[in-house]
Amino acid sequence: MIGLILNAFGNGLCISANMGSGIWTAAAVNINMMSGLSVGMILFIVGVLNAITNQFLIRRLDIKRMVGEILYILFFSSFVDIFTDMLNNLGVPNLPMIVRAVLSCLGVACFCVAISLYQRANIIMHPNDDTTNILRFFYLKGNSTAAQIIDFVPPIIIVIVAFVMTGKIYSVNVGTLFSIIFNGVLIATADKLIWPGLKHNFVVKDIVEK
């Protein structure tokens with residue numbers, strides 16, 4: 001629950017500060033500007049597709065895992081909209097640019113800590129973060145940075161397509177660059193410094209045997 005709320009708050013802070021966000025959120029904002037759907041709704045749709053993709057990545061059908069991820073994204077997408085509206089009402093979009101840039105980077109740090117927490121707990125998590133977990137331990141020998149880089153490819157393609165169609169790019173700025181460079185590093189650092197007694201229990205052998 002802490003991870004869920006911290007993740008949604010960090011993303012809401014990035015969106016409200018409007019100085020760049022995590023690349024997946026940036027992709028959702030760009031789709032929002034093209035389609036008119038709320039960012040929360042887009043995040044939910046993408047999350048459901050991501051949960052389905054994870055079933056292929058683990059090479060078996062795991063209904064419990066998929067339902068848990070869809071429930072997570074349902075609450076997460078709603079909380080992102082709630083936090084974004086709350087922060088907008090508090091005047092975050094009207095703050096000086098340098099302050100908003102710092103807040104965007106802080107938002108990135110918030111959701112990286114959240115990812116670290118619920119990936120280690122491995123009970124229920126954002127489907128996109130389960131993807132990086134699967135890539136990290138099932139395919140990349142524990143390399144969190146490489147997993148994050150691979151996971152960034154689809155949203156970068158979405159942003160490029162949005163730019164080609166509209167001539168504009170939204171929610172890509174200092175915070176996005178900070179996220180692309182430091183996401184994996186921040187998650188790995190949080191693994192060591194934030195609640196260090198909470199250990200990763202993701203076991204590749206369990207997936208193969210099941």
Side-chain angles (χ1 to χ4, degrees), residues 1-29 38-44 46-47 50-51 68-90 92-93 95 99-133 136 144-145 147-148 151-152 155 171 173-202:
M1 290 301 297
I2 293 172
L4 168 63
I5 294 171
L6 193 58
N7 192 8
F9 176 78
N11 277 277
L13 184 57
C14 288
I15 295 170
S16 182
N18 195 29
M19 285 298 292
S21 59
I23 190 64
W24 275 103
T25 304
V29 171
S38 73
V39 174
M41 177 58 70
I42 295 165
L43 289 172
F44 175 73
V46 171
N50 207 167
E69 290 177 0
I70 291 174
L71 285 174
Y72 182 100
I73 198 66
L74 175 63
F75 287 102
F76 169 76
S77 58
S78 300
F79 286 161
V80 168
D81 278 344
I82 291 170
F83 281 127
T84 301
D85 290 341
M86 179 187 74
L87 292 165
N88 286 344
N89 291 333
L90 289 174
V92 170
L95 293 172
V99 176
R100 290 187 289 112
V102 172
L103 290 177
S104 284
C105 293
L106 179 61
V108 171
C110 281
F111 65 66
C112 284
V113 172
I115 292 168
S116 168
L117 289 173
Y118 58 66
Q119 280 189 335
R120 280 180 283 160
N122 193 28
I123 299 172
I124 181 173
M125 67 181 80
H126 191 296
N128 180 246
D129 298 319
D130 191 31
T131 301
T132 59
N133 223 19
R136 177 180 178 181
S144 63
T145 302
Q148 285 291 324
D151 185 61
F152 285 153
S171 203
N173 208 306
V174 175
T176 313
L177 181 62
F178 181 80
S179 175
I180 290 174
I181 295 173
F182 293 109
N183 243 51
V185 175
L186 286 170
I187 292 170
T189 301
D191 285 352
K192 298 176 182 177
L193 300 180
I194 309 296
W195 199 348
L198 181 62
K199 303 296 183 181
H200 276 286
N201 60 75
F202 187 95

With a 4.5 Å limit on heavy-atom distance, are the side chains of [X] and [Y] in contact?
{"X": "Phe44", "Y": "Ser78", "value": "no"}
{"X": "Val80", "Y": "Phe75", "value": "no"}
{"X": "Thr131", "Y": "Pro127", "value": "no"}
{"X": "Asn11", "Y": "Phe79", "value": "no"}
{"X": "Asn7", "Y": "Phe76", "value": "yes"}
{"X": "Arg120", "Y": "Asp191", "value": "yes"}

Test your reading of the model: is there a side-chain donor-acceptor pair from [X] to the backbone of [Y], 3.5 Å cut-off?
{"X": "Ser104", "Y": "Gly20", "answer": "yes"}
{"X": "Thr189", "Y": "Val185", "answer": "yes"}
{"X": "Trp195", "Y": "Ala190", "answer": "no"}

Qualifying residue for side chain to side chain contact (heavy atoms under 4.5 Å, CB included) with Phe111, from Leu6, Asn183, Ile187, Thr25: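 So the option named by the test is Asn183.
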Does a sphere of radius 6.0 Å around CD1 in Ile123 hold more than 12 heavy atoms from other residues, nucleotides or ligands, not counting ones at 6.0 Å or beyond?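 Counting other residues, nucleotides and ligands, CD1 of Ile123 stays at 12 neighbours or fewer.
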Side chains of Ser16 and Asn88, donor plus acceptor under 3.5 Å: yes
